[in-house]
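Here is the structure we will look at.
The figures that follow rest on heavy atoms only: side chains count, while hydrogens, waters and symmetry mates do not.
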Amino acid sequence: MKRLLAALTIIASLAIPSSAAPEPRDLTLQEMTKLEAMWKRQRITRYTFTLERSCFCAPRLISTSFLVSGGMSKMQRGSVPSARETMQPFVSIPKILSQMRATLERGGRVAVVMNAKNTLPVQVILDPLPQAADDEQYLSITAFQQR
């Protein structure tokens, strides 16, 4: 019970305050573990979401909607023909969480803005090399709906 309360406190501290503009907050590996555990506990297996990825790369901005069901992800629409390949690391919430963990484990920086209602990230900054410029990826997760 104490662990669950501690996890909820951490997630609440990451959530968007209702009266303030959302500011990304850096995650630690410990907080990442708690975030992953909270996702697993929800046992959501069928959902849709829209993901927008921007970076200092080509293509600079991609927006795609996904339908995830039973571990399989289907792209609903993409802004560019190469979206499927470019978005492969981000086709589900567990894959996004996995990318976040991998970035942290390699010494990178992950910053998030959380949705207070469902404890999912709505904005993610992946910065694999904090001392380097222009390697960041910015993810915005919108229109999440459990089906």
Side-chain angles (χ1 to χ4, degrees), residues 4 6-130 134-147:
L4 180 58
L8 291 173
T9 301
I10 288 171
I11 297 303
S13 72
L14 298 172
I16 303 170
S18 59
S19 62
E23 283 294 320
R25 182 181 172 290
D26 286 359
L27 276 184
T28 65
L29 272 170
Q30 182 180 15
E31 292 167 331
M32 185 70 227
T33 299
K34 290 176 181 177
L35 181 59
E36 291 164 326
M38 291 198 65
W39 170 258
K40 286 180 184 177
R41 273 194 296 278
Q42 292 180 57
R43 292 189 173 115
I44 300 171
T45 60
R46 185 169 167 80
Y47 56 95
T48 58
F49 71 101
T50 299
L51 179 68
E52 183 177 283
R53 187 214 65 171
S54 61
C55 60
F56 299 102
C57 54
R60 289 183 65 101
L61 177 66
I62 297 176
S63 181
T64 307
S65 293
F66 295 97
L67 166 64
V68 180
S69 182
M72 300 297 291
S73 182
K74 180 179 177 186
M75 187 181 298
Q76 298 295 303
R77 63 174 198 251
S79 59
V80 295
S82 64
R84 181 169 302 285
E85 182 178 321
T86 303
M87 298 297 268
Q88 194 59 41
F90 310 109
V91 298
S92 68
I93 300 301
K95 285 206 173 207
I96 293 169
L97 295 175
S98 177
Q99 290 296 314
M100 292 166 62
R101 172 171 285 287
T103 299
L104 286 170
E105 287 177 342
R106 292 183 191 122
R109 174 181 169 258
V110 174
V112 297
V113 173
M114 301 297 291
N115 181 322
K117 293 180 183 176
N118 61 18
T119 66
L120 291 175
V122 292
Q123 292 179 350
V124 178
I125 300 170
L126 300 172
D127 187 1
L129 301 168
D134 299 343
D135 66 323
E136 300 86 1
Q137 290 192 70
Y138 302 90
L139 308 175
S140 292
I141 301 164
T142 58
F144 180 88
Q145 288 190 320
Q146 192 171 350
R147 300 285 176 165

Contact between V91 and V68 at the side-chain level, heavy atoms closer than 4.5 Å - yes or no? no

Quick check: closest heavy atoms across M87 and T64, and the distance to 0.1 Å? CG-OG1, 4.0 Å

F144 side chain reached by I93 side chain, heavy atoms, under 4.5 Å: yes

Testing F49, Y47, F90 one by one against F66 for a ring pair (Phe, Tyr, Trp, His ring centres under 6.0 Å), which residue passes? F49

Please tell me if the side chains of V110 and L126 come closer than 4.5 Å, counting only heavy atoms from C-beta onward. yes

Applying side chain to side chain contact (heavy atoms under 4.5 Å, CB included) to L139 and I96, what does each step give before you reach the verdict? CA-CA 9 Å; L139 308 175; I96 293 169; 4.2 Å; yes

D135 and D127, any side-chain heavy atoms less than 4.5 Å apart: yes

Min side-chain heavy-atom separation L97-L35 under 4.5 Å: yes

Can you see which heavy atom on S63 is nearest to which on T50, and at what distance? OG-CG2, 3.9 Å

Inter- and intrachain pairs under salt bridge (charged side-chain N to carboxylate O under 4.0 Å, His left out), touching residues 88-105, at least two apart: E36-R101, R101-E105

Do R147 and T48 pair up side chain to side chain, a donor and an acceptor below 3.5 Å, judged on atom types alone? yes

Below 4.5 Å, heavy atoms only, C-beta onward: do M100 and V112 meet side chain to side chain? yes

Quick one: side-chain contact (heavy atoms from CB on, under 4.5 Å) partners of S140, sequence neighbours excluded? E52, Q123

Examine distances only and state if a side-chain atom of T103 and a backbone atom of Q99 form a donor-acceptor pair shorter than 3.5 Å. yes

Results of salt bridge (Lys or Arg N to Asp or Glu O under 4.0 Å) for R109 - residues two or more places apart only: D26

